[in-house]
Amino acid sequence: MSVQITNLSFSYPSSNVRLFEGFSLQFTEGWTCVAGSNGCGKSTLLRLLAGMLVPDGGKLSCGPGAGSDAGDSVYCPQECGEMPENLYTAFWSDDNEVRKFFSRLRVTEEMLGRYDSLSGGEKKRVQVACALAEKPAVLLLDEPTNHLDAKTSSMIAAALHEFTGTGIMVSHDRAFTDELCTRTVFLYNEAAAFAGGRDCIAFDSYPCGLSKALELRQSAGESSRGEWEKLNVKASREKERGARLEAQNQKARARLSKKAVDPRDHDTQAKIDVARISGKDRTTGDAKARLETQISRTESERDGVKKALRRKEGFSLSGANAMKPVVIEETVLQAGSYRLKVPHIEIRRGSKLALTGENGAGKTLFVRHVISRMEQAGRADEMLYLPQEIPEDGRREVLSAFRALEEDERGEVLSTLYRLGSEPEHLAGADGQISPGEMRKLMIALAVQKPLSLLVLDEPTNHMDITSVLALENALAALDCAMIVISHDKAFLEKIAGTNIVAVRDGDSGELRML
């Protein structure tokens with residue numbers, strides 16, 4: 001069953017800009033990844049398909065001869081704090097085809113009675129199981145792997161493989177989407193992506209997962225810029241040649257003029273008359289006319305190329321040469337009954353450590369120990385710790401620090417934000433209501449303005465769109481600073497980290513293993 005979007009138009013009442021205008025797209029059976037920058041309408045598109053938002057115009061239909069809505073669809077939001085309405089009826093269903101999803105995702109009877117106390121990963125498993133149990137024709141998932149460890153993500157991916165309808169997921173998780181999706185739809189604002197583009201959302205479609213789609217998109221962007229530049233150079237050279245021909249043409253017209261000839265010089269006047277009749281000196285003029293036609297064709301061909309805009313990426317770190325090593329002595333950390341064995345670790349300038357492992361294995365426990373050691377050594381100012389979630393009072397402190405900067409310092413921070421995939425003008429007048437992803441980038445942009453010995457990043461890509469993720473990983477890969485990065489994004493870690501530390505747990509005992 002396919003989902004057809006025809007000539008869709010939509011804008012939020014609070015906005016004077018139309019988000020979708022004349023937007024048409026079809027989704028077929030199987031999984032499709034919807035990607036793009038924040039604000040490009042990914043979640044809005046899912047809510048429109050789910051019937052949670054009403055379009056201003058156009059049509060959304062599911063299958064041949066369907067009505068005006070998207071048909072039998074189930075929507076799973078990013079957050080899963082609320083218990084699914086069908087949890088009990090689906091879990092106790094007599095239909096084995098319904099109950100099997102709870103078994104696949106290891107949802108037990110014991111978990112039903114304590115939903116509020118379940119971990120984020122457990123709640124997501126319940127949410128997905130309940131959605132699959134509905135046997136929808138269309139399944140809509142919004143960032144299904146946020147905050148999930150690799151084991152839980154793999155479990156959910158295996159369950160989603162059994163879905164036989166039309167699946168549409170918004171995600172920046174390349175490994176997850178590559179495993180499931182055979183198509184990627186990349187949404188973008190035309191004006192922000194291409195020179196002369198419209199101020200509304202367009203899309204490019206790729207017959208592959210997200211990783212390959214991003215490679216194809218980058219290649220196409222470079223190709224379009226190269227083609228535009230080649231035609232622009234050609235037009236410039238043709239104009240230069242035209243200017244030379246015009247100069248020659250002016251000389252020719254001067255030679256054919258009798259103004260400077262003595263009226264009594266009948267011989268010279270006769271020669272000029274012969275030249276005019278024979279058209280000898282019209283050669284340059286004719287060549288100039290032909291060249292003007294060629295210039296017009298070249299410029300028309302150039303202007304027909306969609307020139308992809310390119311933004312600068314990467315940033316430098318202040319005081320990079322003054323970085324000091326961070327030494328963690330061998331020890332055993334304890335949290336309740338859990339004991340985590342930590343080996344001797346020396347983190348020098350340029351060391352980039354990926355800290356991985358299942359949730360609950362001790363990653364956060366180790367990070368807190370590192371922070372504590374830095375604070376005890378009086379080196380708190382040399383470190384940035386970026387937690388998974390930033391509390392409200394912490395957000396206010398970050399915004400206050402940004403606004404207290406001198407104008408030139410604020411300019412440097414905004415420049416860094418731009419290189420991390422943000423639009424600085426949205427932040428310059430911010431009233432505190434900025435997204436979690438933008439807040440994380442602001443904290444990084446502020447931190448790199450001073451000398452740092454260590455960056456500790458806990459799931460830095462959570463709440464970030466794929467454009468920002470790529471910009472961040474490129475910047476961190478080039479940054480000459482020691483780092484500890486906790487992330488379940490395998491592609492992200494492969495790009496930036498050189499050493500892997502795995503937290504392994506067995507009951508109440510665990511250890512960190514250097515790989």
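Remember, it's a predicted structure, so these values are computed and weren't measured experimentally. These numbers come from the heavy atoms of this one structure, side chains and all, not from hydrogens, waters or symmetry mates.
To the nearest 0.5 Å, atoms CE (Met464) and NZ (Lys441) are separated by 6.0 Å. Here the straight-line distance linking atom CD1 of Ile168 with atom CG of Asp142 works out to 12.0 Å at 0.5 Å rounding. From Ser154, atom OG reaches atom CZ of Phe176 across 9.0 Å, with rounding to the nearest 0.5 Å. The CH2 atom of Trp31 sits 5.0 Å away from atom CG of Leu160, with the distance rounded to the nearest 0.5 Å. Summarising the geometry, atom CE belonging to Met443 is positioned 4.5 Å from atom CD1 belonging to Ile390; distances are rounded to the nearest 0.5 Å. Atom CG of Leu353 is separated from atom CG of Leu515 by 11.5 Å, given to the nearest 0.5 angstrom.
When all heavy atoms of Ser171 and Cys33 are compared, the closest pair comes out as O-SG, 3.7 Å. Taking each heavy atom of His488 and Ala150 in turn, the nearest pair found is ND1-N, 3.8 Å. Across every non-hydrogen atom of Ala361 and Ala503, the tightest pair is CB-O, 3.5 Å. Across every non-hydrogen atom of Phe163 and Val138, the tightest pair is CZ-C, 4.3 Å. Among all heavy-atom pairs drawn from Gly22 and Asn7, the shortest one is CA-OD1, 3.1 Å. Nearest heavy-atom pair, Leu493 versus Ser487, reported as atom, atom and distance to 0.1 Å: CD1-O, 3.3 Å.
Heavy atoms of other residues, nucleotides or ligands lying less than 6.0 angstrom from NZ of Lys490 number 12 at most. Atom CD of Glu79 is surrounded by 12 or fewer heavy atoms from other residues, nucleotides or ligands within 6.0 Å.
Here Arg174 pairs with Glu473 in a salt bridge; the nearest charged N to carboxylate O distance falls below 4.0 Å. One finds a salt bridge joining Glu215 and Lys212 here, because a Lys/Arg side-chain nitrogen approaches an Asp/Glu carboxylate oxygen to under 4.0 Å. Lys135 has no carboxylate O lying under 4.0 Å from a charged side-chain N of Glu97, or vice versa, which leaves the two without a salt bridge. Comment: Glu110 engages Arg114 in a salt bridge, judged by a side-chain N to carboxylate O separation of less than 4.0 angstrom. A salt bridge is absent between Glu240 and Arg237: the closest approach of a Lys/Arg side-chain nitrogen to an acidic carboxylate oxygen does not fall below 4.0 angstrom. In this structure, Asp465 does not pair ionically with Lys42, as no charged nitrogen and carboxylate oxygen lie closer than 4.0 Å.
With hydrogens and angles left out, the side-chain atoms of Lys124 and Thr152 include no donor and acceptor closer than 3.5 Å. When only modelled atom types and interatomic distance are considered, Lys151 and Asn359 share no side-chain donor-acceptor pair under 3.5 Å.
Listed for the Thr6 side chain is no donor-acceptor partner under 3.5 Å among the backbone atoms of Ser24. Looking only at distances, a side-chain donor or acceptor of Asp178 sits under 3.5 Å from a matching main-chain atom of Leu210. Not a single donor-acceptor pair under 3.5 Å links the side chain of Thr28 to the backbone N or O of Ser2. When atom types are taken as modelled, the side chain of Lys363 and the backbone of Leu355 share no donor-acceptor pair closer than 3.5 angstrom. A side-chain donor-acceptor contact under 3.5 Å links Arg410 to the backbone of Leu405. A donor-acceptor pair under 3.5 Å links the side-chain atoms of Lys352 to the main chain of Leu476, judged by distance alone. The backbone N or O of Leu148 sits nowhere less than 3.5 Å from a side-chain atom of Thr145 that would complete a donor-acceptor pair. In this structure, Arg440 contributes its side chain and Glu459 its backbone to a donor-acceptor pair below 3.5 Å. Side-chain N or O atoms of Arg104 include none that pairs as donor or acceptor with a backbone N or O of Ala158 at under 3.5 Å. A donor-acceptor contact shorter than 3.5 Å links the side chain of Tyr88 to the backbone of Leu112.
Remark: aromatic rings of Phe23 and Phe10 are distant, center separation not under 6.0 Å.
Side-chain contact between Val128 and Pro144 is absent, with no heavy-atom pair separated by less than 4.5 Å. Between Arg18 and Asp56 the shortest side-chain heavy-atom distance falls below 4.5 Å. You'll find the side chain of Ile201 stays beyond 4.5 Å of the side chain of Thr44, heavy atoms only. Residues Cys130 and Glu85 are not in side-chain contact: their nearest non-hydrogen atoms beyond the backbone lie 4.5 Å or more apart. The side-chain heavy atoms of Leu49 and Ser73, taken from C-beta on, include no pair separated by under 4.5 Å. When side chains are defined from C-beta on, Glu109 counts as touching Trp92, because their heavy atoms get closer than 4.5 Å. Within the 4.5 Å cutoff, the side chain of Lys495 has heavy atoms near those of the Asn474 side chain. Contact check for Glu179 versus His161: side-chain heavy atoms found under the 4.5 Å cut-off.
Tested against Leu446 for a side chain to side chain contact (heavy atoms under 4.5 Å, CB included), the candidates Leu417, Thr416, Val413 yield a single pass: Val413. Checking Glu82, Met83, Glu122 one by one against Tyr115, the side chain to side chain contact (heavy atoms under 4.5 Å, CB included) holds for a single residue, Met83. With His172 as the partner, the side chain to side chain contact (heavy atoms under 4.5 Å, CB included) test is satisfied by one option alone out of Asn146, Thr467, Leu470, Thr177: Asn146.
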### Message
For Val3 and Leu60: C-alpha separation, side-chain torsions, deciding distance, then whether side-chain contact (heavy atoms from CB on, under 4.5 Å) applies.
### Response
CA-CA 7 Å; Val3 174; Leu60 306 175; over 6 Å; no
### Task
Begin from the C-alpha positions of Phe102 and Leu87 and carry the test side-chain contact (heavy atoms from CB on, under 4.5 Å) through to its verdict.
CA-CA 10 Å; Phe102 294 94; Leu87 174 57; 4.0 Å; yes
### Task
Give the intermediate values and the outcome of side-chain contact (heavy atoms from CB on, under 4.5 Å) for residues Leu214 and Phe186.
CA-CA 9 Å; Leu214 292 170; Phe186 196 97; 4.0 Å; yes
### Query
What's the verdict on side-chain contact (heavy atoms from CB on, under 4.5 Å) for Tyr385 and Asp458, showing C-alpha distance, side-chain angles and the deciding distance?
CA-CA 8 Å; Tyr385 170 53; Asp458 193 347; 3.9 Å; yes
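The side-chain tip of Arg183 does not point at the ring of Tyr206 from less than 6.0 angstrom away and within 45° of straight on.
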